[in-house]
Amino acid sequence: MVKSDRPRFWLMKTEPEVFSFDDLMAAPGKTTCWEGVRNYQARNMMRDDFKTGDMVLVYHSNANPPGVAGIARVVREAYPDPAALDPKSEYFDEKSKAEGKSRWVMVDIQAVSPARQVVSLDLLRSTKGLEAMQVLKKGQRLSIQPVTASEWGIVCKLLDLTAPHAANAKC
DNA sequence: GCCAACGTTGGC
DNA sequence: GCCAACGTTGGC
């Protein structure tokens with residue numbers, strides 16, 4: 001078995017008004033498909049780098065406060081996002097329709113544990129060791145971002161997970 | 001609602 | 001391939 005250098009930790013943004021971590025907890029099997037990513041860089045990361053078992057920080061953007069609401073794991077690797085072909089979907093994509101197939105992909109993620117309290121952007125910003133996190137950078141709009149193992153460890157402590165047993169292996 | 005930052009589009 | 005115009009993101 002060759003040791004891989006690929007990131008094993010990710011951050012995924014969602015607007016809680018659209019789909020919150022609570023919604024994920026309430027979903028069947030605490031699992032959902034992560035539809036609607038319409039940015040090539042983000043798509044490529046999901047398509048090429050996301051592996052089953054990778055861990056995810058679920059980040060609430062456009063929220064009060066914005067911050068990490070919980071952790072999840074990747075339970076299904078990239079497959080075509082059918083919403084791109086559905087004219088009634090807000091994620092419909094004219095070009096995919098013209099090509100006859102979705103040019104976008106999604107993965108499935110499953111909730112692992114909510115944060116006891118949302119770890120706000122402010123807190124992330126003021127925590128030593130997280131200075132290089134992409135989400136802290138001004139103008140960083142990517143909805144999918146790699147997270148280093150060290151950052152993951154630090155954020156997990158801040159999250160004070162309510163289901164520590166579930167995260168033991170990775171935290 | 002403002003607006004800075006960044007991605008995408010399309011004329012050339 | 002340049003780059004201006006436009007659209008979107010997302011904190012504030």
Side-chain angles (χ1 to χ4, degrees), chain A residues 6-7 9-27 32-50 54-72 74 78-109 111-148 150-152 154-160:
Chain A
R6 75 175 165 80
F9 307 104
W10 306 97
L11 178 147
M12 299 174 92
K13 294 183 191 173
T14 182
E15 298 189 29
E17 299 228 334
V18 178
F19 191 86
S20 68
F21 194 84
D22 282 345
D23 293 330
L24 179 58
M25 289 293 290
T32 190
C33 59
W34 203 258
E35 68 173 3
V37 173
R38 295 293 178 267
N39 169 285
Y40 290 105
Q41 237 183 303
R43 178 201 68 179
N44 293 350
M45 275 190 276
M46 286 200 295
R47 184 190 61 192
D48 303 334
D49 298 327
F50 271 57
D54 281 3
M55 300 299 289
V56 175
L57 299 173
V58 177
Y59 178 89
H60 284 175
S61 61
N62 270 322
N64 189 17
V68 178
I71 68 173
V74 176
Y79 60 107
D81 179 352
L85 297 175
D86 176 5
K88 293 190 295 293
S89 168
E90 63 171 312
Y91 303 120
F92 176 64
D93 172 39
E94 201 62 61
K95 290 175 179 169
S96 293
K97 188 73 174 180
E99 290 164 5
K101 64 171 198 171
S102 178
R103 57 167 69 181
W104 303 105
V105 302
M106 58 192 187
V107 297
D108 288 358
I109 67 169
V112 171
S113 176
R116 201 172 296 276
Q117 186 180 345
V118 169
V119 173
S120 69
L121 186 58
D122 276 349
L123 181 53
L124 293 175
R125 207 166 255 143
S126 61
T127 299
K128 211 165 160 51
L130 301 181
E131 296 85 357
M133 274 190 92
Q134 288 193 30
V135 75
L136 302 185
K137 296 207 175 105
K138 195 177 174 187
Q140 177 51 267
R141 306 184 318 177
L142 257 194
S143 64
I144 311 274
Q145 304 174 359
V147 170
T148 67
S150 144
E151 290 163 351
W152 175 267
I154 293 169
V155 175
C156 271
K157 277 190 196 140
L158 297 176
L159 288 166
D160 188 19

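For the numbers below, each heavy atom of this structure counts, side chains included, while hydrogens, waters and symmetry mates do not.
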Quick one: does A:Lys13's side chain have a donor or acceptor within less than 3.5 Å of a partner on A:Leu142's backbone? yes
So which atom in A:Met106 and which in A:Pro80 form the shortest heavy-atom distance, rounded to 0.1 Å? CE-O, 3.9 Å
Counting any heavy atom closer than 4.0 Å, what does A:Glu15 reach on the DNA or RNA strands: base, sugar-phosphate only, or nothing? nothing
Name of the residue among A:Met45, A:Met46, A:Gln145 meeting side-chain contact (heavy atoms from CB on, under 4.5 Å) with A:Trp10: A:Met45
Quick one: list whatever passes ring pair (Phe, Tyr, Trp, His ring centres under 6.0 Å) with A:Trp104, sequence neighbours left out. A:Tyr40
Within the structure shown, what part of the strands sits under 4.0 Å from A:Arg125 by heavy-atom distance: base, sugar-phosphate, or nothing? sugar-phosphate
For residues 15-24 of chain A, which side-chain N or O atoms pair as donor and acceptor with protein atoms under 3.5 Å away, sequence neighbours left out?
| unit_1 | atom_1 | unit_2 | atom_2 | d |
| --- | --- | --- | --- | --- |
| A:Glu15 | OE2 | A:Asn62 | ND2 | 3.4 |
| A:Ser20 | OG | A:Asp22 | N | 3.3 |
| A:Ser20 | OG | A:Asp23 | N | 3.1 |
| A:Ser20 | OG | A:Asp23 | OD2 | 3.3 |
| A:Asp23 | OD2 | A:Ser20 | N | 2.9 |

Of all nucleotides in DNA chain B with an atom under 4.0 Å from a non-hydrogen atom of chain A, which is the first and which the last going 5' to 3'? B:dA4 to B:dT9
Indicate, with a heavy-atom threshold strictly under 4.0 Å, whether A:Lys137 touches base, sugar-phosphate, or nothing. nothing
